[in-house]
Protein chains: 2
Amino acid sequence: MGHTPPVPEFRYAQFCPLARATEILGERWTLLIVRELLTGPKRFADLRRALPGVSSSVLTVRLARLEELDLVAQRALRPPAASTVYELAEAGRALLPVVLELVRWGVRFLQPPGERDHFEADWLPLGLAGIARRGPSPSIAVAVHLAAADGGVSCQVRGGRRGTVVTREIARPDATLETDSPLAVMALATGMLAPADAVRSGGLRVEGDLDALTRFPELFELAPSGAGHVLGADID
Amino acid sequence: MGHTPPVPEFRYAQFCPLARATEILGERWTLLIVRELLTGPKRFADLRRALPGVSSSVLTVRLARLEELDLVAQRALRPPAASTVYELAEAGRALLPVVLELVRWGVRFLQPPGERDHFEADWLPLGLAGIARRGPSPSIAVAVHLAAADGGVSCQVRGGRRGTVVTREIARPDATLETDSPLAVMALATGMLAPADAVRSGGLRVEGDLDALTRFPELFELAPSGAGHVLGADID
DNA sequence: CCGCATCCGTTTCGATACTG
DNA sequence: CAGTATCGAAACGGATGCGG
């Protein structure tokens with residue numbers, strides 16, 4: 001019978017929430033599994049496909065551990081489907097802010113995708129949400145459509161007094177941005193590529209208010225330098 | 001000669017900021033090293049002491065990688081000191097929000113410290129800052145003093161319209177909270193322990209406005225369930 | 001097919017000993 | 001004090017096989 005396999009569990013042996021969090025999330029692939037499940041339930045094989053390089057054994061162990069800690073729950077689909085899906089439980093969904101901060105920070109180290117780099121269209125909204133401006137941003141709404149082999153994604157970026165919000169629903173955008181290059185979108189959002197250049201050189205098509213497109217980068221911001229406001233680093 | 005040591009570099013081969021971030025931060029000890037440096041420059045030996053279990057070789061490799069990526073910089077002290085310290089560079093300081101979110105999330109998995117668990121007084125302000133309420137919180141200021149073998153720490157928790165702030169400076173607190181048990185403070189802050197019980201059972205001493213102490217837990221909140229506001233998990 | 005276990009070569013980790 | 005060298009143990013990646 002399927003008696004519980006070991007499910008190894010590393011411990012730092014520290015009384016610290018950060019240590020505890022990284023004990024749970026720090027192993028290879030774990031946070032990427034969470035990222036996949038943040039966009040909805042997935043089957044074992046779906047996860048393998050989105051995560052080239054995970055061995056099935058590691059994926060099994062990771063899912064078992066996430067289930068054990070109630071970050072993830074396994075759910076059986078209706079009989080005809082004859083399959084089960086993994087979905088985030090409450091504690092797993094609570095990881096969204098963590099993931100968004102990591103995205104926000106990680107963007108500065110993102111490099112142009114190489115030939116062998118994998119990409120899923122679903123990752124784009126996450127990337128945009130991560131660098132969404134937190135303070136007041138232009139009151140414009142831009143719809144972004146990304147075409148990809150797996151069908152692509154669409155999302156809407158809307159600025160406002162309380163910051164920029166990224167949603168899946170498209171409603172009355174001022175401008176529409178269409179491309180098949182995730183790099184172009186990210187470069188545009190981070191200001192590394194001027195909108196005009198993106199249209200000219202990249203495969204970027206635009207419709208609607210051109211002024212909204214010009215101001216598109218203002219909807220975003222990179223991570224601030226974090227002036228150590230809490231922990232008063234007493235730099236000699 | 002000191003030819004470049006390998007400094008292994010794992011890659012997920014994905015065009016995703018989260019993957020990039022975890023490539024950099026996901027190895028064992030890395031984020032805990034960052035945590036230590038968030039409270040100021042440290043020497044190699046200081047880090048080893050605060051991180052029981054790191055082997056010197058792993059610490060060397062981690063620091064080399066962090067330096068390579070400009071998260072950390074090595075600085076030579078004035079001649080008489082005859083030593084070097086490691087300190088966070090800009091990209092390292094920018095990790096504070098990431099660390100705070102991880103703390104906020106990790107608190108729910110924190111267990112009472114076992115006999116062998118290590119603890120540094122410096123970690124307490126980080127823990128409190130992680131669970132500081134982001135919305136309006138009571139306009140009270142509580143000074144927290146933690147006594148410990150290594151000297152202890154003091155910090156102040158202040159509520160206000162824009163949320164709770166944790167600082168190292170103590171100024172005009174409404175109440176003062178003194179203890180030698182970090183667990184008692186965290187249990188108090190998370191509402192797992194009633195203030196009255198903490199005073200009675202735990203080694204918790206209080207001065208000043210008792211009402212402020214009663215409302216102390218209101219200054220904090222745990223991570224919300226994260227309703228997936230961005231990535232619309234289409235749960236079938 | 002799908003979920004998962006097993007085997008195996010390689011990488012990474014942890015503990016100890018050693019060097020400038 | 002600040003690392004380097006070494007070595008056994010554990011974790012990882014890839015392939016293969018088994019039961020539903």
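None of the values given here were measured: they were computed from a predicted structure. So you know, we letter chains A, B, ... as the sequences are listed, proteins then strands, and number each from 1.
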Would one find a side-chain N or O of B:Arg62 under 4.0 angstrom from OP1 or OP2 of C:dC13?
yes
Of the listed nucleotides C:dG14, D:dA2, C:dG3, the one nearest the side chain of A:Phe10
C:dG14
Respond yes when some side-chain nitrogen or oxygen of A:Arg28 is under 4.0 Å from OP1 or OP2 of C:dT11, and no when none is.
no
Side chain of A:Ser55: nearest nucleotide among D:dA2, D:dG13, C:dG3?
D:dG13
Could you tell me the separation between the CG atom of B:Leu47 and the P atom of D:dA2, rounded to a whole number of Å?
9 Å
Candidates D:dG3, C:dC2, C:dC13 - which lies nearest the side chain of B:Val58
C:dC13
Would you tell me if any nitrogen or oxygen in the side chain of B:Gln74 comes within less than 4.0 Å of OP1 or OP2 on D:dG3?
yes
Could you give the CZ-to-P distance, from B:Phe44 to C:dG20, as a whole number of Å?
17 Å
Could you check which of C:dA5, D:dC1, C:dC2 has an atom nearest any side-chain atom of A:Thr60?
C:dA5
Spacing of A:Tyr12 atom OH relative to C:dC13 atom C1', expressed in whole Å
11 Å
The nucleotide from D:dC12, C:dG14, C:dC4 with an atom nearest the side chain of B:Trp29 is C:dG14
So does A:Ser57 get a side-chain nitrogen or oxygen closer than 4.0 Å to the phosphate oxygens (OP1/OP2) of D:dG14?
no
Which of these nucleotides, D:dT16, C:dG3, D:dG3, is closest to any side-chain atom of A:Ser56?
D:dT16
Atom-to-atom span, CG of B:Leu32 to P of C:dG14 - whole angstrom
11 Å
Spacing of B:Arg11 atom CZ relative to C:dT12 atom P, expressed in whole Å
14 Å
Can you tell me how far P of C:dT16 sits from CG of B:Leu59, to the nearest Å?
17 Å
For A:Arg65 and D:dC12, what is the distance between atoms CZ and P respectively, to the nearest whole Å?
11 Å
In whole angstrom, give the distance that lies between atom CG of A:Leu66 and atom C1' of C:dG3.
16 Å
Do A:Ser57 and A:Ser55 meet the criterion of a side-chain donor-acceptor pair at a distance under 3.5 Å?
yes
With B:Leu25, which of B:Val99, B:Leu71, B:Leu102 fulfils side chain to side chain contact (heavy atoms under 4.5 Å, CB included)?
B:Leu71
So, B:Arg48 and B:Glu36, do they make that salt bridge, N to O below 4.0 Å?
no
Using 4.0 Å as the upper bound for N to carboxylate O, is an ion pair formed by B:Arg134 and B:Glu101?
yes
Compare the minimum distances between each of C:dC13, D:dC1, D:dC12 and the side chain of B:Glu27, then state the nucleotide with the smallest one.
C:dC13
Step through it carefully: locate the ring centre of B:Phe15, locate the ring centre of A:Trp123, and say whether they are under 6.0 Å apart.
no
